[in-house]
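Notes to accompany the following structure.
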Amino acid sequence: MSASPRIDAAEPPTPDGNIPAGMKKITFMGFMALTGPLWGRLDDADGLPVMGFRVEDRHCNPMQVCHGGMLMTFADMLLGFTVGIAEGGRKFMPTVNLAGDYVGPAPLGSWVEGKGRLIRQTRNLGFAESLITADGVPCLRASGIMKIPAKDSREGDILSLFR
């Protein structure tokens, strides 16, 4: 099987190296650092996260389209941060369930962006969803259930990632 030819995607001119204005580089450690660079901001209307990334060669499958595993990893982070910030931004939320429907491609060079929406929150669980787009066109519909940790569990500062 031969490799697919390289597709050079045209990137729309945006500030700061083709990153939309208002987005801040989010710095991670461990596995999450391997997916970046990721960018984010808090939505002015509800304070929930908006996150994005530019599709690079390393994110792509042989067809030069963002690999579904990368899109689901991105969705997992976005939905976890959505529930975490809705819960006060002091704890990271482990994933209980993550589901996604691939509805379109995210080609090399495209800007992938998603905004989380909290559906419901109980004492122990947060339910969230997002429609993730590539250059404004839907590419992934995702939903997740996150475990809200006990009050005495270790704290972090999710909000600082976006400020």
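The basis for the numbers below is simple: all heavy atoms, side chains too, and nothing from hydrogens, waters or symmetry mates.
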- ring pair (Phe, Tyr, Trp, His ring centres under 6.0 Å) partners for F74, two or more places apart: F53
Could you go through residues 22-31 and list every donor-acceptor pair under 3.5 Å that involves a side-chain atom there, pairing it with any protein atom two or more places apart or in another chain?
unit_1: K24; atom_1: NZ; unit_2: L161; atom_2: O; d: 3.2
unit_1: K24; atom_1: NZ; unit_2: R163; atom_2: O; d: 3.0

- Item | Shortest non-hydrogen separation from M77 to M51 and the atoms involved | CB-CE, 4.4 Å
- Query: Mind checking who shares a hydrophobic cluster with L131, ILVMFWY linked at side-chain heavy-atom distances under 4.5 Å?
  - Reply: none
- Task: Only one of D157, I158, V83 passes side chain to side chain contact (heavy atoms under 4.5 Å, CB included) with F92; say which it is.
- Result: I158
- Show your reasoning for whether side-chain contact (heavy atoms from CB on, under 4.5 Å) applies to T133 and C139. CA-CA 5 Å; T133 62; C139 64; 5.6 Å; no
- Which residues share a ring pair (Phe, Tyr, Trp, His ring centres under 6.0 Å) with F127, sequence neighbours left out: none
N/O donor-acceptor pairs under 3.5 Å from side chains in residues 115-122, not counting sequence neighbours:
unit_1: K115; atom_1: NZ; unit_2: D46; atom_2: OD1; d: 3.2
unit_1: K115; atom_1: NZ; unit_2: D46; atom_2: OD2; d: 2.7
unit_1: R117; atom_1: NE; unit_2: E129; atom_2: OE2; d: 2.9
unit_1: R117; atom_1: NH2; unit_2: E129; atom_2: OE2; d: 2.4
unit_1: Q121; atom_1: NE2; unit_2: E87; atom_2: OE1; d: 2.3
unit_1: T122; atom_1: OG1; unit_2: N124; atom_2: N; d: 3.3
unit_1: T122; atom_1: OG1; unit_2: L125; atom_2: N; d: 3.0
unit_1: T122; atom_1: OG1; unit_2: L125; atom_2: O; d: 3.3

- Note on the structure: Closest non-hydrogen atoms of L159 and G88, given as atom of the first, atom of the second and distance, are CD1-O, 3.9 Å
- Are any side-chain N or O atoms of H59 and backbone N or O atoms of T35, one a donor and one an acceptor, separated by less than 3.5 Å? yes
- Task: Might you point out which heavy atoms bring A106 and L71 nearest each other, and give the distance in Å?
- Result: CB-CD2, 4.5 Å
- Message: For residues 95-108, which residue pairs pass the side-chain hydrogen bond (donor to acceptor under 3.5 Å, both in side chains) check, not counting sequence neighbours?
- Response: D76-T95, D101-R141
